[in-house]
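Read through the structure below, which is laid out as structure tokens, and then see the notes.
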Amino acid sequence: MSVQRVETVVIVGVGLIGGSFALAAKRAGRVGRVIGVGRSEENLRRALELGVIDEASQDVAAACSAADLVLVATPVGQMARVFDAIAPVLPAHAIVTDAGSTKGDVVALMRAHLPSHLARCVPAHPIAGSDLSGAAAAQYGLYENRKVVVTPLVETAPDAAELVAELWRACGANVHQMGPDEHDAVFATVSHLPHLLAFAYVGMVADKPDAARCFDFAATGFRDFTRIAGSHPEMWRDISLANRDALLAELARYRANLDALTRLVEAGAADELNDFFEHAREARVAWHQRFLRNS
């Protein structure tokens with residue numbers, strides 16, 4: 001099945017995620033005009049220079065009044081304001097989708113702010129990213145062989161959900177469908193918790209009296225473990241609050257595991273420590289092999 005061409009796409013938040021979608025969809029010939037909306041004139045100007053977007057606007061309502069599809073790629077904490085602003089002007093046929101890392105809150109916001117437009121609402125989450133941000137970070141191949149999760153509402157029209165899925169496939173992605181609660185539980189485990197741990201660890205090192213000395217001797221292990229602590233603080237603040245319940249459950253589970261590890265170290269339990277590490281190593285090796293096969 002070939003996806004229909006979408007003539008006017010509005011990207012609200014022209015950064016790595018929204019900008020890369022625009023580049024890939026345009027290259028695939030699936031979209032016509034792309035209007036970028038954002039708060040920063042400098043970022044919008046850069047997006048125009050790089051060909052990420054065709055037009056720029058700082059007025060989200062005006063931009064969306066002629067949209068065929070709106071992709072909201074802002075931090076989740078900004079989405080209520082965006083949905084509220086566009087609700088009165090959205091064309092009846094326009095599809096509203098997002099790229100947020102949490103889905104339960106996005107579904108709730110759509111119900112609250114777009115109640116008459118739910119048939120055209122298609123929440124989604126592209127599983128791709130970087131610690132880079134802004135229009136300059138956008139890249140054509142970001143979604144090649146990456147997963148995108150779509151979480152349609154009960155009210156979502158099948159043709160709207162299929163159009164969003166096909167656009168992501170045109171960008172090179174593999175599309176999966178989940179319910180919002182399942183999505184948020186899974187990503188609390190494999191994405192949100194690791195980011196919080198990286199932020200907490202780097203913050204701990206930075207607060208040590210000998211922090212400068214520690215950083216001087218940090219090498220590849222530190223780099224690999226802490227890369228995601230360079231991610232956008234506003235985005236991760238919003239994700240942490242939006243997925244609070246699932247994330248608190250994962251933090252409690254991690255704390256229990258860390259307590260168990262602490263007890264083994266205190267006891268000098270060499271065999272048990274070896275088993276602890278080997279269990280984790282085997283799981284990580286098995287995952288990495290699957291990841292390479294699917295990449």
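In terms of hydrophobic clustering, with Ile, Leu, Val, Met, Phe, Trp and Tyr side chains grouped at heavy-atom distances under 4.5 Å, M79 and V9 are assigned to different clusters. By the rule that hydrophobic residues join a cluster once side-chain heavy atoms approach within less than 4.5 Å of another member, V150 and V6 end up as members of one cluster. F21 and V60 are assigned to two separate hydrophobic clusters, defined by single-linkage of ILVMFWY side chains at heavy-atom distances under 4.5 Å. Grouping the Ile, Leu, Val, Met, Phe, Trp and Tyr side chains by contacts below 4.5 angstrom, directly or via other members, places M235 apart from V72. In the hydrophobic cluster analysis, where Ile, Leu, Val, Met, Phe, Trp and Tyr join through side-chain heavy atoms closer than 4.5 angstrom, I95 is grouped together with V31.
Sorted by first and then second residue, the side-chain hydrogen bond (donor to acceptor under 3.5 Å, both in side chains) pairs involving residues 236-263 (not counting sequence neighbours) are T189-E250, H192-N243, E250-R253.
The OG1 atom of T97 sits 12.0 Å away from the NE2 atom of H125 when rounded to the nearest 0.5 Å. Taking OG1 of T74 as the start and CD1 of I11 as the end, the distance is 11.5 Å to the nearest 0.5 Å. Here CD1 of I53 is found 9.0 Å from CD1 of I35. Values are rounded to the nearest 0.5 Å. With values rounded to the nearest 0.5 angstrom, R111 atom CZ is found 6.0 Å from L118 atom CG. Remark: F215 CZ to F222 CZ distance equals 4.5 Å, nearest 0.5 Å. Atom OG1 of T151 sits about 5.5 Å away from atom NZ of K103, to the nearest 0.5 Å.
Contact check for R33 versus V10: no side-chain heavy atoms found under the 4.5 Å cut-off. Residues R227 and R223 are not in side-chain contact: their nearest non-hydrogen atoms beyond the backbone lie 4.5 Å or more apart. Contact annotation: the side chain of P126 approaches that of Y143 to within less than 4.5 Å [non-hydrogen atoms, C-beta and beyond]. Two residues are said to be in side-chain contact when any heavy atoms from C-beta on lie closer than 4.5 Å; H93 and D68 meet this criterion. Residues M110 and E155 are not in side-chain contact: their nearest non-hydrogen atoms beyond the backbone lie 4.5 Å or more apart. The shortest distance between side-chain heavy atoms of L261 and F277 falls below 4.5 Å. In this structure, V149 and F187 have side chains that are in contact, with non-hydrogen atoms separated by less than 4.5 Å.
A salt bridge links E166 with R169: the distance from a Lys NZ or Arg NE/NH1/NH2 to an Asp or Glu carboxylate oxygen falls below 4.0 Å.
Between P194 and A188, the closest heavy-atom pair is CD-O, 4.5 Å. Shortest non-hydrogen contact noted between V14 and G19 is CG1-CA, 4.4 Å. Nearest heavy-atom pair across A135 and L50 is O-CD1, 4.0 Å. Taking both residues in full, the closest heavy atoms of K26 and G51 are given as NZ-O, 2.8 Å, listed atom of the first, atom of the second, then distance. Residues D98 and P123 share a closest heavy-atom pair of OD1-CA, 3.1 Å. The two residues A67 and P91 come nearest to each other via the heavy atoms O-CG, 3.5 Å.
In this structure a side-chain-to-backbone donor-acceptor pair under 3.5 Å is missing from D105 to A242. Side-chain atoms of N43 do not come within 3.5 Å of backbone N or O of G15 as any donor-acceptor pair. Without hydrogens or angle criteria, D54 side chain to V34 main chain gives a donor-acceptor distance under 3.5 Å.
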Could you pull out every donor-acceptor pair under 3.5 Å between side chains of residues 195-214 and any protein atom, sequence neighbours left out?
residue	atom	partner	partner atom	Å
H195	ND1	S191	O	2.8

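Within 6.0 Å of CZ on R27 lie more than 12 heavy atoms contributed by other residues, nucleotides or ligands. The environment of NE2 in H288 is crowded: more than 12 heavy-atom neighbours from other residues, nucleotides or ligands sit within 6.0 Å. By the 6.0 Å contact criterion, CD on E41 is open, its count of non-hydrogen atoms from other residues, nucleotides or ligands being 12 or less.
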Item checked: L142 vs I17, side chain to side chain contact (heavy atoms under 4.5 Å, CB included): CA-CA, chis, key distance, verdict -> CA-CA 8 Å; L142 183 66; I17 299 300; 4.2 Å; yes

Next item on the list: Could you walk me through whether E272 and V265 pass the side chain to side chain contact (heavy atoms under 4.5 Å, CB included) test, one step at a time?
Entry: CA-CA 9 Å; E272 289 86 348; V265 173; over 6 Å; no

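With respect to V82, the side-chain contact (heavy atoms from CB on, under 4.5 Å) criterion is satisfied by exactly one of V12, V96, V37: V12.
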